[in-house]
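Residue numbering restarts at 1 for every chain, and letters A, B, ... go by the order of the sequence lines.
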Amino acid sequence: MTKQIRQLDRVVIRFAGDSGDGMQLTGDRFTSETAQLGNDISTLPNFPAEIRAPAGTLPGVSSFQVHFADYDILTPGDAPNVLVAMNPAALKANLADLPRGADIIVNTDEFTKRNLAKVGYQTSPLDDDSLAGYVVHPVALTSMTVGALAAHQVSKKDAERSKNMFALGLLSWMYSRPYESTLRFLERKFAARPELVAANVAAFKAGWNFGETTEDFAVRYEVKPAKMKPGTYRNITGNAALSLGLVAAGVRSGLPVFLGAYPITPASDILHELSKHKRFGVITVQAEDEIAAVGAALGASYGGSLGVTTTSGPGVALKSETISLAVALELPLVIVDVQRAGPSTGMPTKTEQADLNMALYGRHGEAPVAVIAPRSPSDCFFAALEAARIALTYRTPVILLSDNYVANGSEPWLLPDVESLPDLRVEFATKPNGDDGTTFLPYLRDPETLARPWAIPGTAGLEHRIGGLEKADKTGDISYDPANHDFMVRTRAARIETIPVPDIEVEDPDGDARVLVLGWGSTYGPIGAACRGVRQRGLSIAQAHLRHLAPMPANLGEVLRSYDKVVIPEMNLGQLAHVIRARYLVDAISYNQVRGLPFTAAELETTLEEVLKNV
Amino acid sequence: MTKQIRQLDRVVIRFAGDSGDGMQLTGDRFTSETAQLGNDISTLPNFPAEIRAPAGTLPGVSSFQVHFADYDILTPGDAPNVLVAMNPAALKANLADLPRGADIIVNTDEFTKRNLAKVGYQTSPLDDDSLAGYVVHPVALTSMTVGALAAHQVSKKDAERSKNMFALGLLSWMYSRPYESTLRFLERKFAARPELVAANVAAFKAGWNFGETTEDFAVRYEVKPAKMKPGTYRNITGNAALSLGLVAAGVRSGLPVFLGAYPITPASDILHELSKHKRFGVITVQAEDEIAAVGAALGASYGGSLGVTTTSGPGVALKSETISLAVALELPLVIVDVQRAGPSTGMPTKTEQADLNMALYGRHGEAPVAVIAPRSPSDCFFAALEAARIALTYRTPVILLSDNYVANGSEPWLLPDVESLPDLRVEFATKPNGDDGTTFLPYLRDPETLARPWAIPGTAGLEHRIGGLEKADKTGDISYDPANHDFMVRTRAARIETIPVPDIEVEDPDGDARVLVLGWGSTYGPIGAACRGVRQRGLSIAQAHLRHLAPMPANLGEVLRSYDKVVIPEMNLGQLAHVIRARYLVDAISYNQVRGLPFTAAELETTLEEVLKNV
Amino acid sequence: MSEPVAVKLTAKDFKSDQEVRWCPGCGDYAILAAIQQFMPELNIPRERTVFVSGIGCSSRFPYYMNTYGMHSIHGRAPAIATGLSVSRPDLSVWVVTGDGDALSIGGNHLIHALRRNVNLKILLFNNRIYGLTKGQYSPTSEVGKITKSTPAGSADAPFNPLSLALGAEASFVGRTIDSDRKHLQSVLRAAAEHEGSAFVEIYQNCNIFNDGAFEQLKDPSTRDNYLIRLEHGQPITFGADGQFCVVHPPGGFGLEVRDTNSVRPEEIVVHDATVTDPAYAFALSRLPGLDLRNTPIGVFRSVDRPSYDSVVQAQLAAAKAKVTETPEQQLAGLLGSGDTWTII
Amino acid sequence: MSEPVAVKLTAKDFKSDQEVRWCPGCGDYAILAAIQQFMPELNIPRERTVFVSGIGCSSRFPYYMNTYGMHSIHGRAPAIATGLSVSRPDLSVWVVTGDGDALSIGGNHLIHALRRNVNLKILLFNNRIYGLTKGQYSPTSEVGKITKSTPAGSADAPFNPLSLALGAEASFVGRTIDSDRKHLQSVLRAAAEHEGSAFVEIYQNCNIFNDGAFEQLKDPSTRDNYLIRLEHGQPITFGADGQFCVVHPPGGFGLEVRDTNSVRPEEIVVHDATVTDPAYAFALSRLPGLDLRNTPIGVFRSVDRPSYDSVVQAQLAAAKAKVTETPEQQLAGLLGSGDTWTII
Ligand SMILES: Cc1ncc(C[n+]2csc(CCOP(=O)(O)OP(=O)(O)O)c2C)c(N)n1
Ligand SMILES: Cc1ncc(C[n+]2csc(CCOP(=O)(O)OP(=O)(O)O)c2C)c(N)n1
Ligand code: SF4
Ligand code: SF4
Ligand SMILES: [Mg+2]
Ligand SMILES: [Mg+2]
């Protein structure tokens, strides 16, 4: 049968199934194949809070969305064009997100009475007309997979478990993906059990061939490569990029990286990743709790390492007292907060940006730290380097505010040339700095950076004591002098306020925008996509995105004041907006959603148009 | 010899000596005598961070300042009229605070070569002319005390230790204080050792008689009683008043008070005080750390007590994660933060207001709580009641921001009539609240207060489970629904924002002020005194003081906007100013000192005049 | 705490309406079923029973019990439960926790609750792994364990939870296992009867991240030779027909396992959970080998000492005994105490 | 860690220029002097010695040592020192802490450092009170203690710090006393030589808030009859002319004190700090009575097991051994690992 081939510029596919169905892996593989083809990509995994919620239930549904296009894209897509639903729960949980006309591929084998009942379907949606508005492709995925593997030496259970490869094969065929990397991957993954390699490859090919032969799939699609900068790419998640950024910071500074961490979703993967890089001299300590984790990192920094601690909101709360000590000690420290939905335990697997206040203000006393946030998965690499740069140069704690969305989402990353990465070398103090040539003054500052000398234990002649009590300027001796305290409090504030950070850049292709959208962190993609949408309708709008939350870029006030209106979309109740209003007395409009999900470009677009109407 | 008697309207005396000299007790007694006389009073103790720093050193100096007057006063006074210096260190440490012409009473016995050398005096300031501008009264306090006790059956050490009573006797004579209460006090204090009662009484009388006879003291002073509201008064410190307020909250709510606390300066005294009130059913648990302390308090609240935890900045930092849980659980909880100078350990015995940011914003996620602050020592009583009222009525954590200045300072307190105190009774849930008459919905809110039912364990039929994961509206079941999360986040915010709090009152006696001074917490006294000073010079100025920091009074925006300028003096780098600017877009002028000391009225006065010049 | 209730409850009464969400096959299911079946025999009304947990797979437990319950935050359950128990002596307060929750982040609260002897029944579900965060090593994982966070093997020795509890002055210490419902219930029974802190370690299988951790203790082919079932007042023997026994070699401080045939009957240690000196229970706690051989289960130690709650209540009662006034009168008296003066 | 230094240092070299600010008469002075005198014999250069403390009177210690030092925050010194020690195996890292700092707020970090066997020498100054905060009871205060925070007497049993440490798998456990400089130094010597965590409890008098807490162990009229000086390899006897001895009654698990005359010499326990099973040291730790009678001092336990630091370093070394590239090359390789594609 000859198939029609249709060109598309972009596609959003969502794979959805039970936690045990391997949807994350399937999505990952599809993404990898797509990356090989040179499309631009953005992905969004979505997994349940439970490890393995009961099979076939709504809370047990796990999904992976991939958006790919022949141009550069900014988000994983608002609404899937294709849903692969491995069971009734997956269908039910995801249907509401589908636009009319979308393709739905369902695994009919799982649409049993029992499974339907589990999620409250009285009748099968495949049999009534509830899916009338969609293009439904019923496929007996499980039984066809089992059938295809009849000759294979695998158990029925193993055969059934290969059904995700059947699905992947089918989708790979539909979208004309190259599958060599998947075959190689299967060989690596099941290296110890060759019979499983064979089975999974066979399942994949069966899926591909099914697409090729069945009449139900009359059309095959192609999405041309995107025009991307030349170079070598890999697909990368935010957590992986952040980990590599920390390794790179170690290499570029020549310092050992020391990670003190306590596992917590969604930050644990950074611990997992860094623990693999011992050959770089990276030490990872899984501490007894978050306080110990940051304490150990601070102890390591004191000893001359780049001390890092990674966690999520509840962990940062616990670390506050120790971060305050680090402020007093003026030592480098990188605190990574992969934000999740709060308060309290909240929704640990969902995203949010509501820890900005805590990062800026969540310590007793005047305890300023630097705060930065990455804007996309691959940007986590550079944000980690920047956090390390500020920490090392200015001898200060830096809080890096990632979030679940960038941490687990992925996108193609143009690999940087190692030599082009910033040089982070620091100089330890090696000799007395007092006027008399023999005294060491641990709080005598560099006039430019206001950083104090970093004199690590082991350096003869510079023995000194530091601590959390207020210290006299220069000598670092304990001081209760009122004027000294006032001076030190202001100096610590100035140390942060005067860190030079790049000016904020405004994207205003039309040049005549009167409304500025200001964002920070992971909303970059959705805001960018929404602005494109607005502009495509012929309206002008400017976008600026903050990487540095403390200190803020020097030109920010001026930029803000040059627009009639400033809109600040945030996945919180307006935390950045509050800061902006206070600092610049600009009547910023705060647009908030706190749903545990990234903004969709469409809803932002609507909001922005609304604002534009009223300028 | 006949002595002249001179009338004064106000006097500031500072007793200063070594930590071991009993200056706090001396000051306390003088204050008590003065209170008996009906003067208005304000006191400021100032003790070293060390338990007993080495005798005779500058860090070992302990002082107590008392300001009394025949009119109502607002602060312990900027500059002492009289300094009692028990040793060279005390003289040196305090001299800079004295205005020219002040009286200095020195204990000459301690001005030995060795003691002078200890504090770096080359020559005795009593012998050179460095004290030329002052009226110096050299008194051989120690030897005269020992002499007066020659016939007493006490060791030389005990005799010497009575010298503070000699000094007190002398000062009591000088300022015509009634001393009966001091004699009674000595009898109580040394009940177990009658020989010490006799010795201390004799020392006191010797001091009194010395004043009466010696020529050096030619003038005796009188300060007439102040015109104060009729009623019964006692002198009270902030920490004591706060403790009594908590006991009162227990009585007025009918609930047991449960204090979970971990000792920390300057909050420990609240634990000490409350642990004495078991007959009120008050339970105090000294926990293993601050996290356990707030945890235990929360557990007790869950069980139907008024759960309270008391601490200072570092402790609040540690408690953040649990406070965030309390926000999610929506249970009453009072967190008392007696602020001290930070960051980190900072200056534990010094005052500061730099925990406001942490109180408002120091938790992960959107975790709003109510925040209030007392304005004076006796106001701590009412602030504690108000904190309890909000916590109990709105089922929310309330942070009460006291500070070292109000906590340890004292003032006369007109005892309230117990029946006039607010009625804090609450109703526990006793029966199902679902429409079906059988279901219990733990998150079904009172439409007015937005509070959820408080169904305590032991209530049959209302068994339910709560936790830190996001909860579905009404049912309280775990929910990952995006819309529900958004709704709950906004509802928790609204719960706090809509708590009705009294309008802010403005004091503007002239009625034509164009500048408003806005303050919060313990700066009330100094700001008030400064405003009086400004007005006495014929200028108009308005003062308003915030008790409620979250939520803020509904009329605040309007009030702020009705002045040309708003000045916000704070003992931090402008934390309230930041909030005010953000909320009301008012270009408030932040005036800050972070010296570990309260503002002096004089310096504030100068600042305000400066502002007035430029209106 | 143990007033009889009118209607006899059943296991079903202790099931809440929440869907249980552990992985299929998880040992937590068996523990839940055992406890739901056990609770009625305590004759404590459901409303007077409270389960407080921290965070972890195990800590979801309270949701599934139709009693009062709080799923709190990681590691803090003993602290929260302390406040509840001390202020509400009429309640029966249970803490459910995991090896990470109790021994890693919550270690301090645990040892302090035990030292104080707070009236809590603490059930530690030990699966020797972090389940909820998907498989990092825990403070009870074996040395050299390869997990997500220790790809080269863990570098630190585990806690022995029972030794730790004994070092922390625990008055009741026991161990049981998810798969043996009867035994589990017998240990819970003893724990419930104990006044003060009762610390019970429950070996629990995490079939996803640490499957088979206690397999030797469950597999019928090894079980009987590995497990030592402690019975108060009984000589400690185990294995088929009591093939093995526990002796206390003279001069030594520890315990050793011997062939029962090779020793005189009077050499066999007779289990006594009530000895005041914790050294015996401590020695018992050191018996198992790395391969889980010689693992005692049952009540190791159960001694009487005043619970923290009872001392606190006694102090309150003593203070209140002298009171004759109404609270308002008392308060007025308190406010007006010390030096006062009156202005008229 | 123990390369010899050229110039022999003296006690004076270890005195910093900071004025010592404890109360006159505080036991901390004696400990400071003893340690300053002791340090030179280690032959470790001052710059390679670091004292890390928490908060408390005792925790001011680092300021007075002319070495590197950090006065950190309450309870966290073991955690901070862990990061320092693990990342800098060339340093000699000492932790100074108090009974509140180590056992109350810092209890968890302490037991985890011991379990891990981090290469730290931990000196716990135990005065059985909170000194710096002016006299609240501590986790080592006696039951019923009346303090500022417990006017009706404390309601909870104290920790026995050594039992707790042993329950937490400590490889080195000792006790000494502020007033006995020679003994103190001998225990520190053993601690310093130990690879891994060495936990030393030092009884310290707080003459302001808990004066005389250990008086019986210092008063010449009681001292010798109360103190048991442990010497490795020696039978445990004490009192005038070895009047008393320690025996291990058959069948029992604890130790008891007897008149030396009343027992056969071979009944007297010969002290052996190196037995692997902690049950012996645990039994020793339980010996003292409430009145401090029969208080052993010295090294209770000192056994070899790999330090956490050494395992971590070995893992690093193994991983680095295979490396042939420069760090930059390695990094380039790492960045480009996994599935990549190239656009030209
Ligand atoms: C403050 C904080 N830190 C970390 C976490 C993440 N976390 C949740 S459960 C858990 C450990 C679970 O292990 P365990 O207590 O053994 O329970 P299990 O899941 O094995 O039953 C961790 C680290 C958290 N929720 N809160
Ligand atoms: C987070 C925190 N909580 C409480 C305190 C107050 N604090 C300082 S030292 C101390 C206890 C001191 O007792 P201990 O450790 O026994 O030392 P000592 O003073 O007796 O030597 C406390 C509670 C603090 N500094 N920080
Ligand atoms: S991860 Fe392990 S412990 Fe958690 S529910 Fe699954 S099987 Fe049970
Ligand atoms: S309070 Fe006690 S421990 Fe602290 S310095 Fe004084 S005597 Fe020493
Ligand atoms: Mg576990
Ligand atoms: Mg102490």
Side-chain angles (χ1 to χ4, degrees), chain B residues 32 35-36 38 181 185 225 228-235 244 247-248 251 254 256 258 260 277-281 283 285 287-289 291-292 295-305 307 321-322 325 329 415-416 418-419 457-469 477-478, chain C residues 16 18 45-53 55 62-63 65-88 90-91 93 108-109 111-112 312 315-316 318-320 322-323 327-332 334-344:
Chain B
S32 224
Q36 301 291 329
S181 72
F185 167 84
M228 291 171 86
K229 258 177 118 177
T232 302
Y233 286 79
R234 72 186 275 190
N235 192 53
L244 296 184
V247 173
V251 170
F258 180 100
H277 300 307
K278 298 193 170 37
R279 65 195 167 102
F280 286 93
I283 296 181
V285 168
E288 57 271 25
D289 63 15
I291 303 178
L298 183 59
S301 280
Y302 176 56
S305 293
E321 196 209 359
T322 309
L325 172 64
L329 297 185
L415 297 183
V418 167
E419 300 302 329
T459 317
L462 304 193
E463 294 82 1
H464 66 285
R465 276 68 49 191
I466 56 178
L469 286 166
D477 290 346
I478 300 173
Chain C
S16 79
Q18 299 294 302
R46 286 187 302 138
E47 69 269 17
R48 287 220 243 127
T49 303
V50 187
F51 280 84
V52 181
S53 67
I55 299 284
Y63 289 120
M65 294 296 295
N66 193 5
T67 62
Y68 281 88
M70 187 195 293
H71 179 221
S72 75
I73 44 177
H74 199 32
R76 316 302 171 189
I80 292 169
T82 293
L84 180 62
S85 176
V86 171
S87 63
R88 289 292 305 274
D90 57 319
L91 301 177
V93 184
N108 207 30
H109 308 305
I111 60 178
H112 279 269
V312 169
Q315 290 184 348
L316 285 185
K320 286 181 182 169
K322 297 169 221 149
V323 174
E328 265 78 7
Q329 289 168 331
Q330 276 190 78
L331 179 60
L334 175 64
L335 299 187
S337 65
D339 288 342
T340 59
W341 68 95
T342 303
I343 295 192
I344 27 176

### Query
Who passes salt bridge (charged side-chain N to carboxylate O under 4.0 Å, His left out) against B:Glu288, sequence neighbours left out?
C:Arg116
### Query
By a 4.5 Å heavy-atom criterion (distance strictly below it), what part of B:Thr459 contacts chain C: side chain, backbone, both, or neither?
both
### salt bridge (charged side-chain N to carboxylate O under 4.0 Å, His left out) involving C:Arg88 - partner list, sequence neighbours excluded
C:Asp90
### Query
Once you round to the nearest 0.5 Å, how far does CE of C:Met65 lie from CD of B:Glu463?
11.0 Å
### Query
Relative to each other, are the rings of C:Trp341 and B:Tyr233 parallel, tilted or perpendicular (30° and 60° limits)?
parallel
### Query
Heavy-atom distance under 4.5 Å to chain C: side chain of B:Glu321, backbone, both or neither?
both
#### Entry: Any B:Asn235 side-chain heavy atom under 4.5 Å of C:Asp339 side chain
no
### Task
Against chain B, label C:Ser337 side chain, backbone, both or neither, depending on which of its atoms sit under 4.5 Å from a heavy atom there.
both
### Query
Out of curiosity, C:Met70 CE to B:Leu298 CG, how far, rounded to the nearest 0.5 Å?
5.0 Å
### Task
Taking B:Tyr302 for its side chain and C:Gly69 for its backbone only, find out whether a donor-acceptor pair lies under 3.5 Å.
yes
### Message
Quick check against the 3.5 Å criterion: does C:Arg76 have a side-chain atom that pairs as donor or acceptor with the backbone of B:Gly295?
### Response
no
### Message
With heavy-atom distances below 4.5 Å as the criterion, would you say the side chains of B:Leu469 and C:His71 are in contact?
### Response
yes
### Query
So do C:Gln330 and B:Val251 actually touch side chain to side chain, heavy atoms under 4.5 Å?
no
### Task
First locate atom NE2 of B:His464, then atom CD of C:Glu47, and finally report the distance between them rounded to the nearest 0.5 Å.
13.0 Å
### Message
Is B:Ser301 in contact with chain C via its backbone, its side chain, both, or neither, using a 4.5 Å heavy-atom distance?
### Response
neither
### Message
Applying side-chain contact (heavy atoms from CB on, under 4.5 Å) to C:Val323 and B:Phe280, what does each step give before you reach the verdict?
### Response
CA-CA 9 Å; C:Val323 174; B:Phe280 286 93; over 6 Å; no
### Query
Nearest 0.5 Å, what's the CG-CD distance between B:Asp477 and C:Gln18?
4.0 Å
